[in-house]
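Working notes, structure below.
Chain identifiers are assigned alphabetically (A, B, ...) following the order of the sequence lines, protein sequences preceding nucleic acid strands; residue numbering begins at 1 within each chain.
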Amino acid sequence: MKNEHIISVPVPEEFRFMVNVSYLARSTNECLFEIKDDKVRKAISFGNEVFLIEVSENHDGSLLVRFIGARPTNESMLNEVIHYVQDWFDLDTDLKPFYAMAEKDLLLEQSVKAFYGLRILGIPDLFEALCWGILGQQINLTYAYTLKRRLVEAFGTSIEREGNRYWIFPPPEDIAKLTVEDLSVLKMTVKKCEYLIGVAQLMAEGSLSKELLRNSGDFKAAEKMLVKIRGIGPWTANYVLMRCLRFPNAFPIADVGLHNAIKQVLGTDRKPTIEEILELSAPWTDWEAYATFYLWRILY
DNA sequence: TGCCAGGTAAACA
DNA sequence: TGTTTACATGGC
């Protein structure tokens, strides 16, 4: 392995670091990474190891990953970290076909122009993705961030570096042990408490994992597996398949943010119906996830 | 102030 | 199978 603190990670042509940082910076209440001077810091854990990485832009547009404090002591661990960053920023997806389609699309043309180089920022940790989806159900995003912060600060772990605290999302094993009362003091609905604990138990016992979803067969099978779980409906399932499993055709069609974005782009006085969205999204085949993400972006 | 919020399960027809 | 309602709290 390279005996350095800094590693350069190549990026595809259709990538703009700052557009992605702008997305990451959408909430000042984010608790799982920190943005300062156009650099993103995040604590990540692999097994027993915890690293604090700082991702920034190289002069040639590629990514620089710097370790603050401990760094991987072997090559396979280092590769895991690099892979994590590639997954987080979705560096492996070729956006050319998406842009070719979107440039001619009534709903997408302006957002792909305005946010060229934006990738779907991932939530690689399945449990975190599921919790974030559940927390975000039927409440405004600002409050969802507050609930996530309370959950993380109550049950997560943290490391301290250079005077700052960096939090790591709690593992399912820890949430699986909690009672509804433990969670409801955070001011989420009793149902959400039950959903989070239920999902945590499934993951802790091994009957739900990223691998199982990936190996379920195809998108529909993975969606079916998720929707069977109490608290996970079509919206949450597709949200997670989009942000964590990275299915390009994941499509949270019932999403109210998507509806508002479409309303805004079309300049209509009402939100579109599901039937109207199905028509408007017909050209998006196998790019529904990216189309949704770009439309969300115009709202912030 | 009242409506809305990155929905879902359960009840009901 | 399709429609309605409770959930619950905060943001704006």
Interatomic distance, A:S281 atom OG to A:W287 atom CH2 [nearest 0.5 angstrom]: 15.5 Å
Electrostatic pair A:E14:A:R119 at N-O distance under 4.0 angstrom: no
Atom P, compared across C:dT5 and B:dC3: separation rounded to whole Å: 16 Å
side-chain N/O A:K271 vs B:dA5 OP1/OP2, d < 4.0 Å: yes
Salt-bridge contact A:K177-A:D182 (side-chain N to carboxylate O under 4.0 Å): no
Separation between the P atoms of B:dG2 and C:dA8, rounded to whole Å: 23 Å
Sugar-phosphate only, base, or nothing, as touched by A:F293 at under 4.0 Å among non-hydrogen atoms: nothing
Atom-to-atom span, OH of A:Y195 to P of B:dA10 - whole angstrom: 7 Å
Identified salt bridge (Lys or Arg N to Asp or Glu O under 4.0 Å) counterpart of A:E30 within the set A:K148, A:R149, A:K42, A:R41: A:K148
Residues A:R161 and A:E34 bridged, charged N to O under 4.0 Å: no
Electrostatic pair A:K220-A:E223, nearest N-O below 4.0 angstrom: yes
Earlier contact from the 5' end, DNA chain B, for A:M242 and A:R230: A:M242
Sugar-phosphate only, base, or nothing, as touched by A:L295 at under 4.0 Å among non-hydrogen atoms: nothing
Residues within residues 117-147 of chain A bordering DNA chain C, heavy-atom distance below 4.0 Å: A:Q138, A:N140, A:T142, A:Y143
Sugar-phosphate only, base, or nothing, as touched by A:P252 at under 4.0 Å among non-hydrogen atoms: nothing
Check: A:E211 main-chain N/O paired with A:N215 side-chain donor or acceptor under 3.5 Å: yes
Atom pair distance, as rounded to whole Å: NZ in A:K263 and P in B:dC4: 9 Å
Between B:dG7 (P) and A:M188 (CE): distance, integer Å: 16 Å
Rounded distance (Å) that lies between atom P of B:dA9 and atom NZ of A:K192: 13 Å
Distance in Å, A:Y99 OH paired with A:Y294 OH, rounded so as to fall on 0.5 Å steps: 2.5 Å
Separation of A:Y290 OH from A:N249 CG (nearest 0.5 Å): 14.0 Å
Close approaches to DNA chain B from residues 273-292 of chain A, in residue order (heavy atom, under 4.0 Å): none
A:R149 CZ to C:dG10 P, straight-line distance once rounded to whole Å: 17 Å
